Structures are given as C-alpha cells and as structure tokens.
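Keep in mind that this is a model prediction, so the values were computed, not measured.
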Amino acid sequence: MGFPLARSFRTLFRPRTAFLLPAPGLGRAVLGMALIWMPLALVNTAWILFRAIHAYGGMRSGAVPSGIPSWVGADPSDLQALLATLPPPPSFGRLWLWLLLVVPLGVLGTWLHHAVWDHLGLWLVGGLKRKRGFRTTLIAEAEALRIAALGILLGWLGLLPGLGVALVLPLLLLDAYLWLFRGFALAARHDCEPWRGLAATVVHAALLGCCALGLLAFMVFMLRMAR
C-alpha cells in the first residue's frame with residue numbers, strides 16, 4: 001500500500017485532523033478523488049455485476065429460495081416455469097467494457113449530487129456565513145470522498161466466508177460514519193463549526209428520505225387509481 005493510501009486510511013478515523021492542510025485546487029481535488037475512488041468503484045461494480053448475472057442465471061434454472069413463492073403468492077412450479085421463460089443473461093464479457101463508461105460517470109455524478117445537497121444543507125443550518133461559494137463545497141466533497149472511498153475496501157470484509165452476517169451491523173455503522181465524514185470537510189473548508197457540517201449531511205439524508213417517501217406515496221396512489 002503506497003504512502004498516500006496509508007495516510008488516507010489513518011485520516012479516515014481522524015476526521016478532525018483530516019482537513020487541516022490548505023485546500024487544494026478544484027482540479028487537483030477531483031483528480032485525487034478519481035485516482036482512488038474510480039478503481040475501487042470499478043472493481044466493486046464488476047463484482048456486483050458478476051454476482052447479479054450468476055444469480056439471474058440460477059433463477060432461470062429453478063434455483064429460487066423457498067420463501068419467495070409464498071411471499072409473492074405464487075405456486076412454486078408456476079413460478080419456476082415463468083422464470084424459465086426469461087431471456088438468458090448476457091455474458092460478463094459483453095458487459096464489463098460498459099463499466100469503463102458507467103462507473104466514472106457514476107462517480108462524478110455521485111460527487112456532484114453530494115455537493116449540491118450538502119451545500120443546500122449547509123445553507124439551511126447557517127454554515128455559509130463566510131460566503132465561500134459552491135466551488136469550496138465541490139473541493140470539500142472531493143477531498144472527503146477520496147478518503148471515504150476507502151470504506152469500499154473495508155466493505156469487502158463482508159464477503160469473507162462466515163463473516164458476512166456478523167459484519168452486517170458494523171458495516172451499516174461504517175456507512176453511516178462515512179456519510180457524516182463529509183461534514184468535517186465541509187466545516188473545515190467553509191470555516192464553520194463542525195456540528196454545522198455534520199448537520200448539513202443529516203439534512204441531506206432527511207431531504208432524500210422525504211423525497212423517497214413522497215415518490216413511494218405517489219406510486220402507490222397511481223397504482224390505486226389505475227385499478
């Protein structure tokens with residue numbers, strides 16, 4: 001493990017000292033984020049895709065968990081017959097090249113998404129008094145996500161035989177911590193109290209939750225209207 005990567009691992013759990021150095025330029029911050037996050041995201045997405053193709057092929061051949069037919073209210077034999085009519089999955093070799101396009105777009109899209117919503121959250125909690133602008137938020141998000149991306153490596157521990165179930169709760173807590181981690185970068189770069197940066201990420205999560213619940217309620221309403 002190279003020195004910069006080892007240093008990022010150390011600062012991952014020292015959030016109050018992670019952003020004491022002067023802020024880099026926007027281009028340098030985004031490049032640093034991309035060099036760490038994109039390779040990890042590419043490997044992680046490739047593994048998820050491989051497992052999904054394998055699971056889909058297993059369902060077509062009748063490998064359906066015993067509880068699913070009763071959960072969906074279908075006869076097991078009828079469900080297996082229906083699944084057998086599904087088209088065969090594409091091979092991993094035909095899809096992996098698309099990951100070279102989709103994953104970088106997904107990484108950049110996630111960075112921009114976090115920047116927009118966290119900036120809104122920071123404004124709502126009064127953390128933009130220095131008026132440093134959205135560019136400062138973009139830099140802070142890139143710095144934080146460069147370090148937080150290393151959580152993907154820790155998440156791979158859940159793939160070890162016998163550890164998956166035992167690590168469910170710790171990995172969920174890690175995800176929550178990595179979500180809040182961006183708040184320390186926001187506070188440091190906007191020169192506001194750390195609690196305001198953390199609160200901005202909580203507001204972000206709350207707004208997303210409200211949007212998701214609203215969309216779910218709208219879908220349920222449309223389904224009932226269609227009957």
ILVMFWY cluster, [X] and [Y] together (side-chain gap under 4.5 Å):
X	Y	answer
Leu100	Val107	yes
Leu153	Leu167	yes
Trp111	Leu31	no
Leu42	Leu97	yes
Leu157	Leu174	yes

Notebook entry, point to check: If you draw a 6.0 Å radius around NE2 in His113, do more than 12 non-hydrogen atoms from other residues or ligands fall strictly inside?
Noted result: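 Counting other residues, nucleotides and ligands, NE2 of His113 exceeds 12 neighbours.
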
Checklist line | Trp156 atom CH2, over 12 foreign heavy atoms within 6.0 Å | finding: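 Enclosed.
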
Could you give the distance from [atom1] ([X]) to [atom2] ([Y]), rounded to the nearest 0.5 Å?
X	Y	atom1	atom2	answer
Asp175	Leu180	CG	CG	11.0 Å
Leu108	Trp37	CG	CH2	8.5 Å
Arg14	Arg16	CZ	CZ	14.5 Å
Leu154	Tyr177	CG	OH	11.0 Å
Leu95	Ile53	CG	CD1	5.0 Å
Leu26	Thr136	CG	OG1	9.5 Å

Item checked: Option among Asp118, Leu122, Val125 that satisfies the side chain to side chain contact (heavy atoms under 4.5 Å, CB included) test with Val203 ->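 By the side chain to side chain contact (heavy atoms under 4.5 Å, CB included) criterion, Val203 pairs with just one of Asp118, Leu122, Val125: Val125.
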
Item checked: Member of Leu40, Ile36, Val43, Leu178 meeting the side chain to side chain contact (heavy atoms under 4.5 Å, CB included) criterion with Ile152 ->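 Checked Leu40, Ile36, Val43, Leu178 against Ile152; only one passes side chain to side chain contact (heavy atoms under 4.5 Å, CB included): Leu40.
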
Distance-minimising heavy-atom pair for [X] and [Y]:
X	Y	answer
Cys192	Gly197	SG-N, 4.5 Å
Ala29	Pro24	CB-CG, 3.9 Å
Ala148	Leu12	CA-CD1, 4.1 Å
Ala140	Ala185	O-CB, 3.4 Å
Ala187	Pro194	CB-CA, 3.6 Å
Phe181	Pro15	CE1-CB, 3.8 Å

Next item on the list: Evaluate side-chain contact (heavy atoms from CB on, under 4.5 Å) for Leu198 paired with Leu186, printing each intermediate quantity in order.
Entry: CA-CA 8 Å; Leu198 295 175; Leu186 290 170; over 6 Å; no

Determine whether [X] and [Y] make a side-chain contact, defined as any pair of heavy atoms from C-beta on separated by less than 4.5 Å.
X	Y	result
Thr11	Phe184	no
Trp179	His114	yes
Leu128	His119	yes
Ile139	Glu143	yes

Next item on the list: Please test Val102 against Thr45 for side-chain contact (heavy atoms from CB on, under 4.5 Å), starting from the C-alpha separation and ending with a verdict.
Entry: CA-CA 10 Å; Val102 173; Thr45 306; over 6 Å; no

Next item on the list: Could you please spell out the steps behind the side-chain contact (heavy atoms from CB on, under 4.5 Å) verdict for Trp123 and Thr137?
Entry: CA-CA 11 Å; Trp123 173 71; Thr137 298; over 6 Å; no

Next item on the list: Could you tell me whether the side chain of Arg130 and the main chain of His190 form a donor-acceptor pair under 3.5 Å?
Entry: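 Such a contact is absent between Arg130 side chain and His190 backbone.
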
Margin query: Could you check whether any side-chain N or O of Trp96 sits under 3.5 Å from a backbone N or O of Phe50, counting only pairs where one atom can act as donor and the other as acceptor?
Written below: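 Such a contact is absent between Trp96 side chain and Phe50 backbone.
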
